[in-house]
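Report on the structure given below.
All chains are named by letter (A, B, ...) in the order of the sequence lines, taking the proteins before the strands, and each is independently numbered beginning at 1.
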2 protein chains.
Amino acid sequence: MASSIHDLARHLNISIGTVSRALNGRADVNADTRQRVLEAARTLNYSPNQSGRSLRQGATHSIAFMMQPHPGDQQYGEPFFIPLLIGLQARLAESGLDLIVVMGAPGDYQQERLRRVVETRRADAVVLAWTRREDERIDYLTQVGFPFATLGRSRSGTKSYPSLDLDFEKAGADAVDRLVARGHRRIAAIRPSLDLNFGYLFLAGYRKALRRHGIEVDPELIASGFINEAAGYEVTPQVMRSKNPPTAIIFNNDAMALGGCKALAEMGIRPGHDMAVTVIVDTPLCRYFSPALTAFRPALEPMGQRLAEMLLASLPAFAGPDGPRIMREVWPLELVARDSD
Amino acid sequence: MASSIHDLARHLNISIGTVSRALNGRADVNADTRQRVLEAARTLNYSPNQSGRSLRQGATHSIAFMMQPHPGDQQYGEPFFIPLLIGLQARLAESGLDLIVVMGAPGDYQQERLRRVVETRRADAVVLAWTRREDERIDYLTQVGFPFATLGRSRSGTKSYPSLDLDFEKAGADAVDRLVARGHRRIAAIRPSLDLNFGYLFLAGYRKALRRHGIEVDPELIASGFINEAAGYEVTPQVMRSKNPPTAIIFNNDAMALGGCKALAEMGIRPGHDMAVTVIVDTPLCRYFSPALTAFRPALEPMGQRLAEMLLASLPAFAGPDGPRIMREVWPLELVARDSD
DNA sequence: TGTGTTCTCGTAAACGTTTACGGAAAAACG
DNA sequence: CGTTTTTCCGTAAACGTTTACGAGAACACA
């Protein structure tokens with residue numbers, strides 16, 4: 001069924017070396033024979049065996065994106081990831097690379113799967129998301145010298161890898177600024193537990209802004225949980241039980257906001273009327289919820305493309321003439337004012 | 001960095017053949033030498049090169065799951081897929097197989113990517129989701145003889161492949177039954193456009209049940225659009241403009257329901273009060289929406305496991321002693337009654 | 001002792017590529 | 001016409017595995 005380079009060679013009565021060179025666009029092959037090879041490849045429905053190429057070249061021509069639920073999370077925060085993956089895939093395809101996403105089992109935080117990908121050389125590089133403050137994946141990859149890029153920053157590693165992040169700190173601060181400008185002084189923050197880095201950044205911005213406005217940071221108004229609806233639902237009542245309850249809540253995540261709004265509804269509190277609600281990362285849910293949720297929107301698809309570009313620029317095989325470069329960027333989140341605050 | 005089987009052989013002063021046999025648990029190797037090989041593999045941090053194995057064996061030891069947005073859809077219906085992927089991955093891992101998810105660009109409906117996966121032999125089999133009524137992917141795969149399984153049925157192909165589906169027809173009928181029992185007779189259905197098979201099945205069940213109750217099927221109460229929030233938002237007003245508007249709406253999808261409820265809210269119509277709302281495929285959104293949406297829940301993770309099992313059973317290399325079997329199953333959706341109807 | 005069996009291992013080929021090397025033919029140049 | 005350069009292609013090795021085959025040693029049995 002599958003035709004190999006040998007079939008082409010036999011069919012054309014030339015050597016496999018020539019066939020390979022013709023296919024790979026090498027210069028030292030007659031224009032005429034190249035034509036014939038290309039044509040034969042088409043009629044014989046040839047396409048190169050990846051294992052063969054990889055083995056010989058020591059490169060798989062594919063990039064792995066690690067995807068995995070957090071413990072307690074069944075959902076991966078995927079509405080967030082899909083457009084990102086589309087952007088990644090588009091840019092990688094331009095360079096002849098495949099994007100594969102590898103799933104981990106919930107709970108082990110990717111270490112085992114990551115080792116597997118690296119050790120069996122299934123990909124030439126990996127893209128990490130949901131970076132943590134201290135990230136063992138980053139430590140591991142830098143230690144074994146495997147190329148990677150991250151979506152999100154981390155304190156781990158030697159910063160010698162490309163990274164693209166969103167400015168959660170500024171978004172947290174902006175959210176507070178906006179709420180203060182609208183008269184709020186009791187502002188709660190609901191963020192992910194675990195040491196997901198964007199949670200830290202968000203909270204740092206939140207704190208900084210509060211202080212700038214001369215508002216004391218009240219620990220009772222800060223709560224955390226897994227990044228899902230259930231956690232938002234459970235955790236929101238905590239801040240409401242404060243001696244001096246909030247008049248505004250900032251959620252770090254749309255799923256938590258959904259759960260939180262449910263809890264509020266059951267307490268007879270209407271977002272947009274009795275409570276200002278802001279969420280940091282915008283998704284379609286925020287837009288179509290009633291009331292529509294004010295949120296901060298990332299440019300996910302362009303980010304995916306850019307991240308791919310940054311990763312490629314760091315790889316010797318794909319870097320431009322000036323050699324590999326390590327780039328690190330932080331992109332803004334854009335406020336989308338809607339009806340919930 | 002990466003140690004090969006040759007390194008082990010040199011280190012132990014034995015031949016690579018013996019090393020390979022020891023590693024692969026073959027019988028014709030001394031228990032003692034096997035021990036030494038295993039130990040050396042550990043200390044030298046050996047793990048087999050996938051390209052090498054694949055090339056020799058003609059098998060990649062990985063299964064591809066095709067994932068891709070529909071035209072007009074940025075979202076993939078992922079909340080639906082993730083638990084399924086978790087189940088798939090878990091079962092495949094038991095048999096030493098990796099699950100890779102391959103992304104397509106939006107719009108081309110996977111054909112190009114699928115060809116690429118098949119022709120470059122990146123996976124030993126593929127899992128297809130979102131099957132269509134007439135599915136060119138199925139035709140293609142059967143034609144070239146590439147193993148696959150589907151989530152969902154289709155009219156394409158010779159039915160000679162494993163498939164696992166949900167009983168959308170029964171769910172559609174059950175939804176109608178329930179609404180009729182609660183006094184509704186004007187029941188709208190909002191389903192996906194395109195020829196996604198589950199949309200057909202749902203509508204068939206819906207129609208059948210209506211007729212069974214002696215209720216005429218009113219085309220004005222049936223609308224369709226892409227599987228996303230925007231489409232639900234746009235399309236719901238259409239059925240409301242009917243001369244004789246519905247008192248209940250069944251949405252085939254949670255995202256469409258979200259958009260639809262938004263549209264209803266803007267018309268001052270409250271789900272659960274002024275309008276009964278049912279959705280066919282349950283997700284966390286349904287549960288945490290206000291009001292919580294009555295929905296039909298699939299057992300996604302077990303389905304993933306089962307689908308993996310069915311796929312494996314169909315592959316000669318993994319089938320049991322009785323040889324490969326083609327299994328086709330249809331699983332029920334379980335009603336979760338909540339507050340919206 | 002002779003014959004057959006079992007255990008264990010080495011040898012070498014094969015999977016499908018890419019690519020360094022060299023050589024023959026053609027072209028260019030004087 | 002002789003020499004050098006260029007163009008084009010074939011040869012063969014290599015990437016890291018797995019595995020068919022065969023052989024030597026040990027053992028069993030008569």
Side-chain angles (χ1 to χ4, degrees), chain A residues 1-38 40-41 44-62 96 98 116 118-124 317, chain B residues 1-38 40-41 44-62 96 98 116 118-124 317:
Chain A
M1 180 79 253
S3 60
S4 80
I5 216 172
H6 291 91
D7 299 324
L8 294 193
R10 207 174 317 118
H11 182 254
L12 293 172
N13 232 354
I14 58 179
S15 78
I16 60 162
T18 308
V19 173
S20 175
R21 280 189 298 262
L23 256 20
N24 291 357
R26 287 245 180 296
D28 57 347
V29 43
N30 188 293
D32 184 57
T33 51
R34 183 192 307 278
Q35 269 312 315
R36 287 169 46 227
V37 170
L38 259 27
L44 292 196
N45 197 8
Y46 168 83
S47 71
N49 180 307
Q50 268 304 321
S51 304
R53 308 190 71 201
S54 301
L55 180 56
R56 168 63 215 229
Q57 305 195 132
T60 62
H61 306 286
S62 60
D98 281 331
R116 196 170 159 71
V118 169
E119 290 178 354
T120 61
R121 297 159 204 94
R122 267 184 184 283
D124 299 337
Chain B
M1 181 78 253
S3 60
S4 80
I5 218 173
H6 290 92
D7 299 325
L8 294 193
R10 207 175 314 121
H11 183 253
L12 294 172
N13 232 355
I14 59 179
S15 79
I16 62 164
T18 307
V19 173
S20 176
R21 279 189 299 263
L23 257 19
N24 291 357
R26 286 246 180 295
D28 57 346
V29 44
N30 188 292
D32 184 58
T33 50
R34 184 194 306 279
Q35 270 311 316
R36 289 170 45 229
V37 169
L38 259 28
L44 292 196
N45 196 10
Y46 168 81
S47 71
N49 180 308
Q50 268 305 322
S51 304
R53 307 191 71 202
S54 301
L55 180 55
R56 169 61 216 227
Q57 306 196 129
T60 63
H61 306 285
S62 57
D98 283 330
R116 197 171 157 70
V118 169
E119 290 178 354
T120 60
R121 296 158 204 93
R122 268 185 183 283
D124 299 338

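Two residues are said to be in side-chain contact when any heavy atoms from C-beta on lie closer than 4.5 Å; A:Leu23 and A:Ser20 fail this criterion. In this structure, B:Ile14 and B:Val37 have side chains that are in contact, with non-hydrogen atoms separated by less than 4.5 Å. Side-chain contact between B:Ser3 and B:His11 is absent, with no heavy-atom pair separated by less than 4.5 Å.
As rounded to whole Å, 13 Å separates atom P of D:dT7 from atom CZ of A:Arg34. One atom, CG of A:Asn24, and another, P of C:dT17, lie 10 Å apart when rounded to the nearest Å. To the nearest angstrom, P of D:dG16 lies 15 Å from CG of B:Leu23. Between the CG atom of B:Asp32 and the P atom of D:dA26 there is a distance of 15 Å, given to the nearest Å. Straight-line distance from the CZ atom of B:Arg121 to the P atom of C:dG16: 8 Å, rounded to whole Å. For the pair A:Ile14 CD1 and C:dA24 P, the interatomic distance rounds to 20 Å; values are reported in whole Å. Residue B:His6 contributes atom NE2, which lies 11 Å from atom C1' of D:dT18 at whole-angstrom precision. Separating the CG atom of A:Leu12 from the C1' atom of D:dG10 is a distance of 15 Å, rounded to the nearest angstrom.
No donor-acceptor distance shorter than 3.5 angstrom exists from the side chain of B:Asn24 to the backbone of B:Arg26, with no hydrogens or angles considered. With hydrogens and angles disregarded, a donor-acceptor distance shorter than 3.5 Å links the side chain of B:Ser54 to the backbone of B:Ala59. Between the side chain of A:Ser62 and the backbone N or O of A:Ala123 there is no donor-acceptor pair closer than 3.5 Å.
Contacts with DNA chain C (heavy atom under 4.0 Å) in residues 48-55 of chain B: B:Leu55, listed by number.
An end-to-end axis angle of 40° holds for the helix from C:dT1-D:dA30 to C:dG30-D:dC1, taken from five base pairs per end and rounded to 10°.
The structure places CG of A:Leu55 at 11.5 Å from CD of B:Gln50, a figure rounded to the nearest 0.5 Å. From A:His61, atom NE2 reaches atom CG of A:Asp98 across 10.0 Å, with rounding to the nearest 0.5 Å. Put simply, CZ on A:Arg122 and OG1 on A:Thr60 are 10.0 Å apart, with the number rounded to the nearest 0.5 Å.
Regarding contacts with the backbone of D:dG10, a side-chain N or O of A:Thr18 is found under 4.0 angstrom from either OP1 or OP2. For B:Ser4, no side-chain nitrogen or oxygen approaches OP1 or OP2 of D:dG16 to under 4.0 Å. When the side-chain nitrogen and oxygen atoms of B:Ser20 are compared with OP1 and OP2 of D:dT18, one or more of them lie within a distance under 4.0 Å. Residue A:Asn30 has no polar side-chain atom (N or O) positioned under 4.0 Å from OP1 or OP2 of D:dT7.
In the interface, the side chain of B:Arg21 is paired with the base of C:dG10 through a donor and an acceptor atom under 3.5 Å apart. With hydrogens and angles ignored, a donor-acceptor pair under 3.5 angstrom links the side chain of B:Arg56 to the base of D:dT18.
Ranked by how close their nearest DNA chain C nucleotide is to the 5' end, A:Ile16 and A:Asp28 are led by A:Ile16.
Counting non-hydrogen atoms under 4.0 angstrom, A:Gly58 reaches nothing in the nucleic acid.
Applying the side-chain contact (heavy atoms from CB on, under 4.5 Å) rule to A:Ile16 yields the partners A:Ile5, A:His6, A:Ala9; only residues at least two apart in sequence or on another chain are considered.
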